[in-house]
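Per chain, numbering begins at 1; letters A, B, ... match sequence-line order.
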There are 2 protein chains.
Amino acid sequence: VVTVSDLKKSYPLGEVNFQALNGIDLEVAAGEFLALAGPSGSGKTTLLNIIGCLDSPTEGEILLGKEPVNRLNPDKLADIRKAKLGFVFQSYNLIPVLTAFENVEYPLILNKVNPVERRERVQQILKEVGLADKMNNFPNQLSGGQQQRVSIARALVNQPMLVLADEPTANLDSHTGQEIISLMQQLNREKGVTFIFATHDQRIMDHASRVVQIRDGQIA
Amino acid sequence: VVTVSDLKKSYPLGEVNFQALNGIDLEVAAGEFLALAGPSGSGKTTLLNIIGCLDSPTEGEILLGKEPVNRLNPDKLADIRKAKLGFVFQSYNLIPVLTAFENVEYPLILNKVNPVERRERVQQILKEVGLADKMNNFPNQLSGGQQQRVSIARALVNQPMLVLADEPTANLDSHTGQEIISLMQQLNREKGVTFIFATHDQRIMDHASRVVQIRDGQIA
Ligand SMILES: Nc1ncnc2c1ncn2[C@@H]1O[C@H](COP(=O)(O)OP(=O)(O)OP(=O)(O)O)[C@@H](O)[C@H]1O
Ligand SMILES: Nc1ncnc2c1ncn2[C@@H]1O[C@H](COP(=O)(O)OP(=O)(O)OP(=O)(O)O)[C@@H](O)[C@H]1O
Ligand SMILES: [Mg+2]
Ligand SMILES: [Mg+2]
């Protein structure tokens with residue numbers, strides 16, 4: 001479902017360029033539960049952002065399904081992201097002026113789901129991540145791990161083809177983290193949702209179909 | 001060094017109040033390496049923020065050393081925080097327009113350390129957290145775990161009497177996380193710095209002098 005060929009990403013930094021990704025080749029099949037592991041600063045977030053069409057590579061190609069992403073026009077790209085991708089950001093990226101409920105509902109509004117069904121699905125997923133009693137809280141009225149779970153619920157509510165999850169359990173205690181991993185596994189097994197994680201969490205690696213090690217911008 | 005008596009904290013939420021801390025009693029002796037553990041949403045950050053004088057309780061008393069904090073005027077409070085406390089925030093809270101170097105240097109400027117000594121101490125602590133080559137990067141040019149380490153370096157550089165660290169290893173791989181814990185242990189043993197952690201990380205709990213469990217705003 002994702003094919004990455006000789007992917008490179010460099011950032012301009014002062015007068016030089018910093019090479020964050022140095023020729024990555026990766027093929028992810030539909031239905032995989034794949035973990036990208038590697039030290040802090042090794043390039044996990046950079047790679048996830050490019051696969052998720054949130055950033056463009058400096059060189060190399062990405063195919064989502066059969067389509068080369070970098071040759072699609074921005075509107076088509078936005079359509080693919082809206083309909084097919086779910087993204088859990090390392091810093092959650094919740095919209096501050098929307099409640100937990102409204103943040104999770106947002107992808108369903110974009111995909112024109114009717115209001116009755118939207119309400120049911122948002123309540124269901126917030127219950128599954130343990131936040132049934134926090135629906136009307138704004139992000140600044142939630143703990144760090146509660147914000148993270150709202151970000152997870154938002155990524156899963158539309159049952160996308162592919163979920164990219166950047167350190168989704170970093171701020172969760174072991175019991176809550178385990179519940180989130182089980183929820184994602186259930187979606188993977190029952191609905192065939194493909195997951196690509198960036199993670200340091202051994203529990204995700206233990207449940208992964210495959211662990212890909214990345215170090216200094218290259219697959220180790 | 002910290003005494004908390006019957007501490008309560010409630011937040012106004014809609015027409016009701018949400019009770020985040022429900023009568024906490026805690027005594028922390030000088031030189032402790034103490035871990036506050038508990039589920040996501042249990043009140044760890046709320047308690048750390050009140051001990052760190054960043055927030056005020058609804059009821060109850062806090063003594064820092066022998067001084068009741070809530071009876072001090074804001075200037076005296078700011079003096080105590082500047083000279084005696086180091087804080088690692090769960091969301092890092094780096095100043096976006098300052099480089100990694102400048103963010104870490106800031107507490108030394110507040111404490112009127114001379115420029116030559118400042119430069120030496122900032123370079124030393126950034127080297128110890130593994131970021132010698134990222135000194136001139138701005139926060140948005142750093143990975144999540146790199147930002148977290150700049151926040152740690154900033155809290156430690158002035159060798160405060162008390163460091164409050166909120167999930168300091170959440171975004172770090174096991175090797176880097178271990179190095180950070182060893183660095184903090186060294187400061188604790190050699191310089192007598194007291195540490196209070198909020199954490200889900202079993203490694204910090206394994207090294208703690210004491211693990212205090214918190215659940216639903218109460219010590220379990
Ligand atoms: N401004 C606020 N208004 C209402 N409720 C709040 C507010 N801030 C925090 N809370 C609630 O207080 C409780 C404790 O929050 P706190 O951030 O202290 O938890 P925590 O133990 O640090 O959690 P985590 O491990 O997820 O970071 C949570 O249930 C949270 O929803
Ligand atoms: N805008 C930028 N300009 C310069 N360098 C950058 C920029 N963004 C990221 N980097 C660098 O690229 C490298 C990879 O960053 P990335 O965020 O992908 O790492 P990561 O594996 O997700 O790390 P972590 O586990 O700490 O989140 C890091 O060394 C970082 O400093
Ligand atoms: Mg990252
Ligand atoms: Mg917290």
A:Asp216 atom CG, over 12 foreign heavy atoms within 6.0 Å: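 Count not over threshold, so no.
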
More than 12 heavy atoms of other residues, nucleotides or ligands under 6.0 Å from CZ of B:Arg215: yes or no?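 Counting neighbours around CZ of B:Arg215, 12 or fewer heavy atoms of other residues, nucleotides or ligands fall under 6.0 Å, so no.
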
So what's closer than 4.5 Å to chain A heavy atoms on B:Phe138: side chain, backbone, both or neither?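 Neither part.
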
Is chain A contacted by the side chain of B:Gln146, its backbone, both, or neither, given a heavy-atom distance below 4.5 Å?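 Looking at B:Gln146, backbone and side chain both touch chain A.
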
Side chains of B:Arg121 and B:Asn158: closer than 4.5 Å at any heavy-atom pair?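 Contact flag for B:Arg121/B:Asn158 side chains = yes.
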
Does the side chain of B:Val2 reach to within under 4.5 Å of the side chain of B:Leu26, using non-hydrogen atoms?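 Not in contact.
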
Between chain A and each of [options], count heavy-atom pairs under 4.5 Å; write down the option with the most.
options	answer
B:Gly144, B:Ser143, B:Ser40, B:Gly145	B:Ser40
B:Gln147, B:Lys134, B:His175, B:Gln148	B:Lys134
B:Thr46, B:Leu13, B:Thr176	B:Leu13

Among A:Gln202, A:Gln90, A:Lys44, residue most engaged with chain B (heavy-atom pairs, under 4.5 Å):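 Ranked by heavy-atom pairs under 4.5 Å with chain B, first place is A:Gln90.
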
Contact leader toward chain B among A:Ser42, A:Gly177, A:Gly43, A:Gly41, where contacts are heavy-atom pairs under 4.5 Å: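 So the answer, after comparing A:Ser42, A:Gly177, A:Gly43, A:Gly41, is A:Gly41.
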
A:Arg154 (side chain) donor-acceptor with A:Tyr92 (main chain) under 3.5 angstrom: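 Here the side-chain-to-backbone pair exists.
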
Taking all non-hydrogen atoms of both residues, which atom of B:Lys8 and which atom of B:Asn22 are closest, and how far apart?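 Scanning both residues completely, I find the closest heavy atoms to be CG-C, 4.2 Å.
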
